[in-house]
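One structure is given here, and the rest of the page talks about it.
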There are 2 protein chains.
Amino acid sequence: MNTDGRETAGTIGATKTSFGIVEHIRDHDASGVSEIANDLGISKSTAHNHLKTLAELGYVVRQGDEYALGLKFLDLGDHARTRHALYHASIGEMDDLVEAVGERGQVMVEENGRGVYIYQVKSEQGLQTDSHIGTTVDLHTTSVGKSYLAFCDEERRNEILDGELTRLTTKTIDDRDALEAELATIRERGYAFNDEERITGMRAVGAPILSDDGTILGSISVSGPTTRMKGEWYHTEVPEMVTQAARVIGIRATYS
Amino acid sequence: MNTDGRETAGTIGATKTSFGIVEHIRDHDASGVSEIANDLGISKSTAHNHLKTLAELGYVVRQGDEYALGLKFLDLGDHARTRHALYHASIGEMDDLVEAVGERGQVMVEENGRGVYIYQVKSEQGLQTDSHIGTTVDLHTTSVGKSYLAFCDEERRNEILDGELTRLTTKTIDDRDALEAELATIRERGYAFNDEERITGMRAVGAPILSDDGTILGSISVSGPTTRMKGEWYHTEVPEMVTQAARVIGIRATYS
DNA sequence: AACGCTCGTTCGGGTTCTCCGAACGAAACG
DNA sequence: CGTTTCGTTCGGAGAACCCGAACGAGCGTT
């Protein structure tokens, strides 16, 4: 199985296949033994044994003649985000912010160089998007991500940005120098805009969440369609509300 | 490692240890290599290799000199509950119910013979409890669980209840016959009470969520302290609101 | 009704890969 | 500066993982 190139030595293959199966089920909502075996390039019996093990542990459940994800992952996921002080600190305040702005709001933290949404509040005029809890995004394509990049250490920023900057729309900032200039502006101003840089037709305003010692915990944003997010509202009033909320959340996060 | 008795044949040991490590980290918020090796009875190098693998996959992250759960579990957990129609159907309606009653509300589904909370709404007078998203509870000790047991097939009920009925408080119904009588009442009445059967000082009112073909999808409840949950309010008014919400959710769950 | 396809499952053997124990380097402590 | 404990690396023995083939059940088709 390690024929397709270099793999990190000293790692457990069985664990990788188990999680490969789990992710396959996640991406297909539910999967059968043969389907998994084909897609992952393993034998049916191997897939069967892994599924049997995962089912015994409660991480997958039988659903008719297929397997689906078990709710044990819900517990693990909850623990994973509970560990972030930012999660608890932002809950009430984000709801108020969303109600005031009338657009969707989200809370992001960084993990492995990508942004992860750990909390999301839908607005009254709830419009469907692809993002949900646990979604990961490229940091340079979102207002939350740029807020984070602008206020984290330079060392960490270089680690994250050393690769290619993926281009999602025509407005995505995919040039490193242009991005650094944008980040400098954000750093000076205290908040970030996103003008259709990830999804055409969508704008957002984000701000970093800073602990009192200056370290960044994550960031928040509100986002909505360009039809509503425009003019003074978008450029001045919303940023004021977002930065105000960010300040409150930052304070609450440090004293908890 | 299979010296301590009978184990199900044909299962992957490496997967079990990997998830054992994950659960250890969950229960301790963060763990180091040696601590895990000691507690799980494996060698340090084995624990190290598993952690290395899990870190590479993104399911654990380094946090100083310890390992913590990665947010990839948040994504998996979200997918696990998104699969339940009941989750989507209950979101708005539960918030309204909680606002009307003024007590905490929760949505439960059954998995592997236990109840799992997939959604929870905190009330204004938010009081702390041990339950959170992903918590599992004994079905016979909660109003949601009894609602479920009362309306699921008899076959499934026998599978679930064949073991010992754990006793959590002095009021827990731990006798099978008494429980069956209680379930019959619930079935007739359409909703369930919980009078300090799980936690002393806490009462709850629950109702099943039925699809239009009669199959049970899960159940909902509101719960609060005995100081507020009493009299006509507890015995008549709240049950009416809960059953009404359950009906609406049931309808929404079938047409989605 | 019987065929053929595909599914999930079981079984045993070969070989990979997991697991362990010991040794190393680093850091924290007294 | 010694001592302890940490995380990490390394190699070898043995176990267990992975595979392929075979079995049996469930469907849809002819």
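Side chains included, hydrogens not; waters and symmetry mates left out as well; all remaining heavy atoms used. In what follows, chains are A, B, ... by sequence order, proteins preceding strands, each numbered from 1.
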(request) Could I get the full list of side chain to side chain donor-acceptor pair (under 3.5 Å) partners for B:Thr15, not counting sequence neighbours? (result) A:Ser18
(request) Would you indicate, yes or no, if C:dC20 has its OP1 or OP2 atom less than 4.0 angstrom from a side-chain nitrogen or oxygen of B:Ser43? (result) yes
Indicate every side-chain donor-acceptor pair of residues 108-115 of chain A with a distance under 3.5 Å to a residue at least two apart or in another chain.
unit_1: A:Glu110; atom_1: OE1; unit_2: A:Tyr148; atom_2: OH; d: 3.2
unit_1: A:Glu110; atom_1: OE2; unit_2: A:Gly113; atom_2: N; d: 2.9
unit_1: A:Glu110; atom_1: OE2; unit_2: A:Arg156; atom_2: NH2; d: 2.6
unit_1: A:Glu111; atom_1: OE1; unit_2: B:Leu71; atom_2: N; d: 3.3
unit_1: A:Glu111; atom_1: OE2; unit_2: B:Leu71; atom_2: N; d: 2.8
unit_1: A:Arg114; atom_1: NE; unit_2: A:Thr136; atom_2: OG1; d: 3.2
unit_1: A:Arg114; atom_1: NH1; unit_2: A:Asp138; atom_2: OD1; d: 2.9
unit_1: A:Arg114; atom_1: NH2; unit_2: A:Thr136; atom_2: O; d: 3.3
unit_1: A:Arg114; atom_1: NH2; unit_2: A:Thr136; atom_2: OG1; d: 3.2

(message) Given the ring of A:Tyr67, does A:Arg62 sit roughly above its face, with NZ or CZ under 6.0 Å from the centre of the six-membered ring and within 45° of the axis?
(response) yes
(request) Check salt bridge (charged side-chain N to carboxylate O under 4.0 Å, His left out) between A:Glu180 and all other residues, then give those that pass, not counting sequence neighbours. (result) A:Arg157, A:Arg176
(message) I need the full list of salt bridge (Lys or Arg N to Asp or Glu O under 4.0 Å) pairs touching residues 144-155 of chain A, with sequence neighbours left out, sorted by first then second residue.
(response) A:Lys146-A:Glu182, A:Lys146-A:Glu197
(request) Could you list the residues that satisfy side chain to side chain donor-acceptor pair (under 3.5 Å) with B:Tyr117, not counting sequence neighbours? (result) none
(request) Treating a pair as Watson-Crick (purine N1 to pyrimidine N3 plus N6-O4 or O6-N4) or G-U wobble (N1-O2 and O6-N3) with both distances under 3.5 Å, list the stems of 3 or more consecutive pairs that involve DNA chain C. (result) C:4-6 with D:25-27, C:8-24 with D:7-23, C:26-28 with D:3-5
(message) Expressed as a whole number of angstroms, how long is the span from B:Ile12:CD1 to D:dA15:P?
(response) 17 Å
(message) Nearest to the side chain of A:Ile42, heavy atoms from C-beta on, is which of D:dC18, D:dC19, C:dC19?
(response) D:dC19
(request) Return the value, rounded to whole Å, for the distance between atom NZ of B:Lys16 and atom C1' of D:dC17. (result) 14 Å
(message) Rounding to an integer number of Å, can you tell me how far B:Ile21 CD1 sits from C:dC19 C1'?
(response) 12 Å
(request) Sequence neighbours left out, what passes salt bridge (charged side-chain N to carboxylate O under 4.0 Å, His left out) with B:Arg167? Give chain and number order. (result) B:Asp174
(message) Enumerate the side-chain hydrogen bond (donor to acceptor under 3.5 Å, both in side chains) contacts for residues 246-255 of chain A, please, sequence neighbours excluded, ordered by first and then second residue.
(response) A:Gln244-A:Arg247
(request) To the nearest Å, give me how far apart CG (A:Leu51) and P (D:dC17) are. (result) 15 Å
(request) Mind calculating the distance between CG (B:Leu40) and C1' (C:dT18) to the nearest angstrom? (result) 16 Å
(message) Using a 4.0 Å heavy-atom cut-off to protein, can you give one letter per nucleotide of nucleotides 6-16 of chain C, 5' to 3': B if the base is in contact, S if only the sugar-phosphate is, - if neither?
(response) -SBBBB-----
